[in-house]
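This report refers to the structure that appears directly beneath it.
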Amino acid sequence: MLLDALTKGMRKTIIAGNWKMNKTPSEATALLEEIKPLVADAKCEVVACVPYVDLGIAIEATRDTNIKIGAQNCHWEESGAYTGEISAAMLKELGVEYVILGHSERRQYFGETDETVNKRTKAALAAGLKPIVCVGEQLWERECNITNEVIARQLKLDLWDVTPEEMANIVIAYEPVWAIGTGKTATADQAEEVCNFIRMCLKTLYGLEIASGVTIQYGGSMNDQNAAELLGKTNVDGGLIGGASLVAEKFAAIVAATKPAEY
Ligand code: 13P
C-alpha cells in the first residue's frame, strides 16, 4: 500500500480536456484565453485536445504557457490517398504533443477497432507523439461481469508490439462507456478498481517498474464536484474530461483538485 502511494507520487498527473467536436477556431481561442490564467499554477500537466481545425490556433494561443495541445485522432499511414485523414507527422510538425486514440466514440460511431487503435498508436509513437489510449467497458459488459476481460483484451491488442521503451510515452485512459456524457460517474472505488486492474495488466505485459510509471487517467462525467475524490485514488493519475473541459472554471477546478495520494 505504502509502495503504491509512493509510486503514485512519482507518476505524472495529467488533466486533459477532450473538447470533442466543439468550438470553432475563434471560440477555441476565447476558451483558451479564459483557461490560461486559471491553470497557470497547476501542479499537474494540463492538456487541451482540440478539433483538428483548432490545433494551429491553440498552439499559438498556448505558446509559452504550461498548457499542452493534443489532437483527438490520427491516421496510421505516413501519407497517401486517405481523403479526409491526418497523419501523425502532420500533427507533430504543427507542435501537437498528445493524441487521443481509441476513444469509445470513435469505436462506436466510426468503426474503430483494437487493430486500428494499435496501428494508430504505433504510428503516433513513431512520429514522437504521446498517445492517450482509451479503454473501457460498455454497460452490458459490466453487467455481465466481464469488465476485466474487456479491459485486458483491449490493452493487449491496442498495445501489441509497443516496446517497453515506448511505454514511457503512453498514457492510458480508463473511460467506462456508460459514464461518458451521461452524468453517471463511476464511483471513486469503481474507478480505482479498474485503474488498478489496468496497472496489473501492464505489469504482466511490461513488468512492475514500467507499469508503476504509466499515467492512468479516469474519464467519464468527471467534473469539479467529483474530481478530488477520483483523483485521490492511488491508481487514478489524472482525468480525461469531456463536457466540463468546455467551461474554463470547471476545468480549472479539476486541475486544482490534483494532489498526491495520502500516505
Ligand atoms: P464527459 O466528461 O463529457 O463524460 O466525457 C468524457 C470523455 O469522453 C472524455 O474523453
Side-chain angles (χ1 to χ4, degrees), residues 13-23 27-28 31 35 39 44-52 54-55 58 67-74 96-110 112 117 120-121 124 129-139 141-142 147 150-151 154-155 158 170-188 190-191 194-195 198 215-231 233 236-258:
T13 303
I14 305 174
I15 300 295
N18 174 8
W19 290 14
K20 307 191 180 184
M21 195 176 74
N22 292 291
K23 304 294 173 188
E27 290 168 348
L31 179 54
I35 291 174
V39 302
C44 63
E45 180 108 317
V46 181
V47 184
C49 297
V50 306
Y52 285 136
D54 297 342
L55 286 169
I67 302 174
K68 316 277 191 201
I69 296 301
Q72 299 173 12
N73 195 15
C74 72
V96 170
E97 197 164 324
Y98 288 88
V99 58
I100 298 172
L101 295 173
H103 191 279
S104 66
E105 285 150 17
R106 298 229 49 96
R107 295 180 193 254
Q108 188 177 347
Y109 304 130
F110 304 103
E112 189 78 75
V117 176
R120 293 179 206 278
T121 303
L129 297 172
K130 296 174 184 162
I132 300 175
V133 178
C134 302
V135 296
E137 80 288 3
Q138 297 178 35
L139 184 57
E141 291 170 328
R142 173 166 282 264
T147 298
V150 171
I151 300 287
Q154 288 176 336
L155 285 171
D158 297 353
I170 292 256
V171 176
I172 304 291
Y174 168 53
E175 296 211 323
V177 180
W178 49 272
I180 295 175
T182 58
K184 216 173 165 185
T185 324
T187 64
Q190 283 173 324
V194 181
C195 289
I198 289 171
T215 294
I216 303 176
Q217 298 174 312
Y218 168 78
S221 299
M222 193 190 268
N223 58 40
D224 48 328
Q225 303 299 313
N226 58 28
E229 194 187 354
L230 286 158
L231 295 167
K233 291 291 176 184
V236 180
D237 307 314
L240 187 54
I241 326 294
S245 73
L246 299 170
V247 182
E249 294 76 19
K250 288 188 182 178
F251 184 64
I254 297 170
V255 168
T258 56

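Counting starts at 1 for both ligands and their atoms, following the listed order. What's counted below: heavy atoms across the whole structure, side chains too, no hydrogens, waters or symmetry copies. Along the sequence shown, the residues carry numbers beginning at 1.
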**Request:** Would you name the heavy atoms of Pro51 and Lys23 that are closest together and state the gap between them?
**Result:** CG-O, 4.2 Å
**Asked** Can you check whether Tyr218 reaches Val194 side chain to side chain, under 4.5 Å on heavy atoms?
**Response** no
**Rounded distance (nearest 0.5 Å) linking atom SG of Cys49 with atom CD1 of Ile241** = 10.5 Å
**Item:** Main-chain N/O of Gly242 paired to Asn18 side chain as donor or acceptor, under 3.5 Å
**Value:** no
**Complete:** the protein heavy atom lying closest to atom 5 (O) of ligand 1 turns out to be Lys20 NZ, 3.2 Å
**Request:** Show your reasoning for whether side chain to side chain contact (heavy atoms under 4.5 Å, CB included) applies to Leu55 and Val50.
**Result:** CA-CA 6 Å; Leu55 286 169; Val50 306; 3.6 Å; yes
**Item:** Heteroatom distance test (Gly242, ligand 1): nitrogen or oxygen, under 3.5 angstrom
**Value:** yes
**Asked** If we ignore angles and hydrogens, is there a donor and acceptor under 3.5 Å between the side chains of Gln72 and His103?
**Response** no
**Request:** Please work out whether any backbone atom (N, CA, C, O) or any side-chain heavy atom from C-beta onward of Asn18 is under 4.0 Å from ligand 1, and answer side chain, backbone, both or neither.
**Result:** side chain
**Complete:** One finds that the ligand 1 atoms under 4.0 Å from a non-hydrogen atom of Gly181 are 1 (P), 3 (O), 4 (O)
**Closest protein heavy atom to atom 3 (O) of ligand 1, given as residue, atom name and distance to 0.1 Å** = Gly243 N, 2.9 Å
**Asked** At a 4.0 Å cut-off, with the gap strictly under it, does some heavy atom of Ser245 reach an atom of ligand 1?
**Response** no
**Asked** At a 4.0 Å threshold, what atoms of ligand 1 neighbour a non-hydrogen atom of His103?
**Response** 7 (C), 8 (O), 9 (C), 10 (O)
**Request:** Can you establish whether the number of heavy atoms outside Gln138 located under 6.0 Å from its atom CD is more than 12?
**Result:** yes
**Prompt:** Which atoms of ligand 1 have any heavy atom of Gly220 under 4.0 Å away?
**Reply:** 4 (O), 6 (C)
**Request:** May I ask you to list the atoms of ligand 1 that are less than 4.0 angstrom from any heavy atom of Ser221?
**Result:** 1 (P), 2 (O), 4 (O)
**Asked** Side chain of Thr215, backbone of Val171: donor and acceptor closer than 3.5 Å?
**Response** no
**Message:** As a check for students: among Gln72, Glu175, Lys184, identify the option with a heavy atom nearest to atom 10 (O) of ligand 1.
**Reply:** Glu175
**Request:** Run the contact test for Ala244 against ligand 1 with a 4.0 Å cut-off on heavy atoms, strictly below, and give the result.
**Result:** no
**Request:** Answer with side chain, backbone, both or neither: which part of Cys134 has a heavy atom less than 4.0 angstrom from an atom of ligand 1?
**Result:** neither
**Heavy-atom pair with the smallest gap, counting every atom of Val255 and Val39** = CG2-CG1, 4.0 Å
**Message:** Show me which atoms of ligand 1 lie under 4.0 Å from any heavy atom of Leu240.
**Reply:** 9 (C), 10 (O)
**Complete:** Per-atom filter on ligand 1: closer than 4.0 angstrom to a heavy atom of Ala179 are 4 (O)
